[in-house]
Amino acid sequence: PAEMSVNWSRHQPELRLLFDSLGDQRVFLDSPGDPIATHLQELIHDVFTPHSGRPSPAPVWHAIAWRPPASLVHKTYYGVYEWPDRERITAIDEAMTRLGLFRAWRHAHQQIDTATGQHEIEFFAVDLLDRNDARVKIYYRHHHGDLATVRRAAAVAAKHDDIAADTAYQTLTGSPTDAGREALTCLAFRTGVDSAAESTTYLRLPSLTRTDQEAVDRTSALLDDQGVDPRRFRTLAARLNPHPLTSSSRPLVADS
């Protein structure tokens, strides 16, 4: 199984491909071609296996991201969603300690944990880049959360912009309160930052719109607000959907 997405956080789109390894625990240690990146993965990989006391190997997902003309970026995701909550926290504590990010992670998690709503950690991910550029990312799923919950979770990050984020939420949801079904927050950590550095909010538009056309229109409006021409996104959405956008409700997902 694989997932394709496109990111327009900058004007040049980034293509992303995410692959489920289907239980194969081998990792792309040789693919990045960077000794430091290889060391990062070797440093933490066993944390997510029974060798470190985990109840089972965490499912491994691999990803590549390409924003031309830059080279490919490799990423590895560990799915901790099959473990009890305590095991997830223990594994992430150990991994972040090895990466020198424990203090930043614990500070962020305490703030997330005290926010209202139910929050479930689903993935731990690392960019396979030079150590100074690599991001370590932790993904929280918000069950039964509203936009207030999403706002508080995203605001944990040092670079979060409350006003810009709120404008984006309103554009995508069309609602002052509803975040839709199981919104997701990704907190990104970087070496040298004592808190979560950045946050990304994922909103499931099928739970907030009646058709894919409505989802595409709202996402296009957000791109346009950010100074990005939405025509390529509209073309991509139409070509990937086998049915007219006005008559379907497919799992298109937008992030802000």
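- Here the closest heavy-atom approach between residue Ala221 and residue Thr171 is recorded as CB-CG2, 3.9 Å.
- Hydrophobic clustering (side-chain heavy atoms under 4.5 Å, transitive across Ile, Leu, Val, Met, Phe, Trp, Tyr) groups Met4 together with Leu245.
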Tell me, with the steps shown, if Thr149 and His119 meet side chain to side chain contact (heavy atoms under 4.5 Å, CB included).
CA-CA 10 Å; Thr149 299; His119 315 283; 3.4 Å; yes
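- The shortest side-chain heavy-atom distance between Asp166 and Arg151 falls under the 4.5 Å cut-off.
- Looking only at side-chain heavy atoms (C-beta outward), Val6 and Phe233 stay at 4.5 Å or farther from each other.
- In this structure Arg181 satisfies the side chain to side chain contact (heavy atoms under 4.5 Å, CB included) test together with Arg204, Ser207, sequence neighbours excluded.
- Scanning for side chain to side chain donor-acceptor pair (under 3.5 Å) contacts around Arg54 gives Glu87, with sequence neighbours left out.
- Not counting sequence neighbours, the partners of Ser52 by the side chain to side chain donor-acceptor pair (under 3.5 Å) test are Asp46.
- If you take OG1 on Thr246 and CG on Asp217, they are separated by 10.5 Å, rounding to the nearest 0.5 Å.
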Apply the test side chain to side chain contact (heavy atoms under 4.5 Å, CB included) to residues Phe102 and Asp93: give CA-CA distance (whole Å), side-chain angles for both, the deciding distance (0.1 Å), then the verdict.
CA-CA 6 Å; Phe102 176 82; Asp93 277 350; 3.5 Å; yes
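- For Ala155, the side chain to side chain contact (heavy atoms under 4.5 Å, CB included) criterion is met by His160, Asp162, not counting sequence neighbours.
- For the atom pair NZ (Lys137) and OG (Ser199), the distance works out to 13.0 Å, reported to the nearest 0.5 Å.
- Using a 4.0 Å cut-off between charged side-chain N and carboxylate O, Arg190 and Glu198 make a salt bridge.
- A donor-acceptor contact shorter than 3.5 Å is absent between the side chain of Arg16 and the backbone of Trp66.
- Partners of Phe124 under the ring pair (Phe, Tyr, Trp, His ring centres under 6.0 Å) rule, at least two apart in sequence or in another chain, are Phe48.
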Might you work through the side-chain hydrogen bond (donor to acceptor under 3.5 Å, both in side chains) test for Thr201 and Tyr169, ending with a clear yes or no?
CA-CA 9 Å; Thr201 301; Tyr169 297 154; 3.0 Å; yes
Would Tyr77 and His62 count as a ring-ring contact (aromatic ring centres under 6.0 Å, His included) here? Give the steps.
CA-CA 6 Å; Tyr77 294 73; His62 302 293; 9.4 Å; no
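- Taken together through direct or relayed side-chain contacts under 4.5 Å among Ile, Leu, Val, Met, Phe, Trp and Tyr, Val228 and Leu236 form part of one hydrophobic cluster.
- Pairing each heavy atom of Ala63 with each of Leu18, the nearest pair is CB-CD1, 3.8 Å.
- In this structure the side chain of Pro57 reaches within 4.5 angstrom of the side chain of Pro50, judged on heavy atoms.
- Under the side chain to side chain contact (heavy atoms under 4.5 Å, CB included) criterion, Glu82 pairs with Ser56, Pro59, not counting sequence neighbours.
- Grouping the Ile, Leu, Val, Met, Phe, Trp and Tyr side chains by contacts below 4.5 angstrom, directly or via other members, places Leu128 apart from Leu72.
- For the atom pair Trp8 CH2 and Leu222 CG, the distance stands at 11.5 Å (nearest 0.5 Å).
- Counting Ile, Leu, Val, Met, Phe, Trp and Tyr side chains that sit under 4.5 Å apart, directly or through other members, Val193 stands alone, with no cluster partners.
- Two residues are said to be in side-chain contact when any heavy atoms from C-beta on lie closer than 4.5 Å; Val136 and Leu101 meet this criterion.
- Atom CG of residue Leu187 and atom OG of residue Ser195 lie 9.5 Å apart, to the nearest 0.5 angstrom.
- The line from OG1 of Thr97 to CD1 of Ile92 is 11.5 Å long, rounded to the nearest 0.5 Å.
- Evaluation of the salt bridge (Lys or Arg N to Asp or Glu O under 4.0 Å) rule for Asp161 yields no partner, not counting sequence neighbours.
- In terms of the side chain to side chain contact (heavy atoms under 4.5 Å, CB included) criterion, residue partners of Asp178 (sequence neighbours excluded) are, by chain and number, Ser175, Leu208.
- Of all non-hydrogen atoms in Arg98 and Leu43, the two that sit nearest each other are NH1-O, 2.7 Å.
- The shortest non-hydrogen separation linking Pro13 to Arg232 is CD-NH2, 3.5 Å.
- Contact annotation: the side chain of His142 never approaches that of Glu182 to less than 4.5 Å [non-hydrogen atoms, C-beta and beyond].
- A salt bridge is absent between Glu120 and Arg141; no separation between the charged side-chain nitrogens and carboxylate oxygens falls under 4.0 Å.
- Under the salt bridge (Lys or Arg N to Asp or Glu O under 4.0 Å) criterion, Asp194 pairs with no residue at all, not counting sequence neighbours.
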Given the rule in the side chain to side chain contact (heavy atoms under 4.5 Å, CB included) test, do Arg106 and Ile89 qualify, once you have shown the distances and angles that lead to the verdict?
CA-CA 10 Å; Arg106 268 303 184 175; Ile89 299 301; 3.2 Å; yes
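- Ring-plane geometry between Tyr139 and Tyr202 is classed as tilted, the angle between the planes lying from 30 to 60 degrees on a 0 to 90 degree scale.
- Contact detail for Leu203 and Ala183: the closest heavy-atom pair is CD2-CB, 4.0 Å.
- Between the CG atom of Asp224 and the OG1 atom of Thr219 there is a distance of 12.5 Å, given to the nearest 0.5 Å.
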Derivation of the side chain to side chain contact (heavy atoms under 4.5 Å, CB included) call for Met96 and Phe189
CA-CA 10 Å; Met96 293 300 260; Phe189 300 83; 3.7 Å; yes
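- The closest side-chain heavy-atom distance from Tyr140 to Leu184 is not below 4.5 Å.
- Every residue two or more places apart in sequence or in another chain was checked for a side chain to side chain donor-acceptor pair (under 3.5 Å) with Gln12, and none qualifies.
- Scanning for ring pair (Phe, Tyr, Trp, His ring centres under 6.0 Å) contacts around Trp61 gives Phe123, with sequence neighbours left out.
- Under the 4.5 Å side-chain criterion, counting only non-hydrogen atoms from C-beta, Asn7 is in contact with Arg67.
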